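Contents: one structure, followed by commentary.
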Amino acid sequence: MKPLIELQAVDFAYANTRVLSGIDLQVEDGEFIGIVGPNAGGKSTLLKLILGLLTPQSGSIRVLGRTPRQASRQIGYVPQYPSFPRDFPISVEQVVQLGLLGAGAQRGVLNRLWHTGSARDDVYRALDEVEAGAIAKRQIGSLSGGQLQRVLLARALVGRPRVLILDEPTANIDQRVESEIFDLLNQLNARMTILVVSHDVAFISGYVGRVACVNRTLVCHRTDAIDGRVIQELYGEHVRMVAHRH
Amino acid sequence: MHAFFDALAEHSFLQTAVVAALLASIGCGVIGSYVVVKRIAFIAGGIAHSVLGGMGAAVYFGFDPLHGALIAAVIAALLIGWVRLHWHTQEDTLIGALWAIGMAVGVLFIAKSPGYQADLMSFLFGNILLVPPQSLWFMVALDVVLLLFVGAFHRQFLAVVFDEEFARLRGVPVGFFYLLLLVLVAVTVVLLIQVVGLILVLALLTLPAAVAGHYVHSLGRMMLIATVLGGVLSVSGLALSYQPDLPVGPTIILLAGAVYVASALFSQWRDHRLRTRIVDDPAGEAKPHG
């Protein structure tokens, strides 16, 4: 069977700065894979290439057998930082509804009107799934960091994606909520492939099956093979490893 | 104020002015709300000022200045939008340059217009009392165009003004809708130029929507309140300026500015009070407004 996501010999540079070099990566259907590495090592760039927001200078990327742009409607994405102002006049419900954009593009106008009710159902189903149904009417600016992250997750899920991509989804929230969100991702993994960028190798090792270490180049490890030596090689200096119990 | 209403019943030019103010307020409320939430006031300012180039050229070649304004506004919107989308490094400098070049072209054309005794001031600061009745149909047509586009594509516009990156991932042609939005801003600028002139247009485009944004938290309601507020401010400014014979455009803008400053101070005070209540009573019912 062909891999769900396949990168072959991908190179990428911003202006004169090479960020990724000779990246090969294959992600199988149903995998839960972590992407780790030092700051400015190319993690977010790698995600943006898979999402089709950036185009590699060389190499090929296929997602679900198509180009990233063609596959983008089957990908759910949760960014590291919200790229919108927090005081934007919009409710949680409306934010999640935007995740349905493009989902009905192939339907006719009448068919879309017919589906208005089911769109609302989809929004509430996604919000309930991330345990945020109670805040559907709240303003986006009144949410805590953890609540906002759940809403962004619901926005990514509402279009029923086959692949879920998250860029440090728990970077700005406390550890208790971080565990709750990763427990949720574990459940979602039963029906979709998940790629998650994290700065905390030890923490995500308890959840993901495989870790892709990115620092301009990419090396994959099974989580049970991650040890101090691997991390030291990746970060290029001594890094203290803290074991988490879940 | 009585004198204004008496005159309004009597003089058709005043009735035309009130209708023009109300027609302009539709564009000001609907498109002004996008300008405020997308924070593109500088871009809207660039479009508004470069319109003088088109007005000057129209005067020079003997066309209706409003038609010249519309063509120049759309060209400026597309140029500035293209700069914003493709030339990030010097975006503000280039927009500033287009702003100034448009004005310079307009002033040169007007200066060289044969036998033309144009009142440059009425282009710059507007004169709603001189709006000819036939211009009202032109304004109605512009409003219809605005409302049709916003009605047809409101979800796409919301996606683009809220989160461009996510909109792109959902397959929305972000560049196209961004440029279309700027073209609608251009159309609105032409609508508002009749009322306050191109120098002051930016204030009427942003202040009513910004005031609405202090109190409501949905883009649709913001548009509705900004439209009503724009109409009330324009007609009130017209009424206030009538008796002492003040220029109408600056009176409207001063009124809008005063309402905005008062509203901004009030909303700051209200938010501060709310935060204090939340700190004093973290388990209480105090919630941020909205």
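Since this is a predicted model, take the numbers as computed values, not measurements. Hydrogens, waters and symmetry mates play no part in the numbers below; they use all other heavy atoms, side chains included.
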Value rounded to 0.5 Å, distance of CG in L169(B) from CD1 in I75(A): 8.0 Å
For the student: nearest non-hydrogen atoms of M222(B) and P89(A), plus distance: SD-CG, 3.8 Å
Heavy-atom neighbours of Y260(B) OH exceed 12 at 6.0 Å: no
NE2-CG distance between H214(B) and D87(A), expressed to the nearest 0.5 angstrom: 9.5 Å
F149(B) atom CZ, over 12 foreign heavy atoms within 6.0 Å: no
Sorted by number, residues from residues 26-41 of chain B in contact with chain A (heavy atoms, under 4.5 Å): V37(B), R39(B)
Per-residue contact mode, F166(B) against chain A (heavy atom under 4.5 angstrom): side chain
CZ/R86(A): more than 12 non-hydrogen atoms of other groups inside 6.0 Å: yes
Side-chain heavy atoms of H217(B) within contact of I140(A), under 4.5 Å: no
Segment of I90(A) engaging chain B (4.5 angstrom heavy-atom cut-off): both
Pairwise distance OG(S72(A)) to CZ(R168(B)) - rounded to 0.5 angstrom: 11.0 Å
Side chain to side chain, E165(B) and Y77(A), heavy atoms closer than 4.5 Å: yes
By side-chain hydrogen bond (donor to acceptor under 3.5 Å, both in side chains) - contacts of S83(A) (at least two apart): D163(B)
Spacing of CG belonging to L274(B) relative to OG belonging to S142(A), to within rounding of 0.5 Å: 10.5 Å
Stepwise side-chain contact (heavy atoms from CB on, under 4.5 Å) test for R170(B) and L98(A): CA-CA 9 Å; R170(B) 297 309 307 167; L98(A) 287 177; over 6 Å; no
Over 12 non-hydrogen atoms of neighbours within 6.0 angstrom of NE2 in H272(B): no
Heavy-atom side-chain contact between V161(B) and F88(A) under 4.5 Å: yes
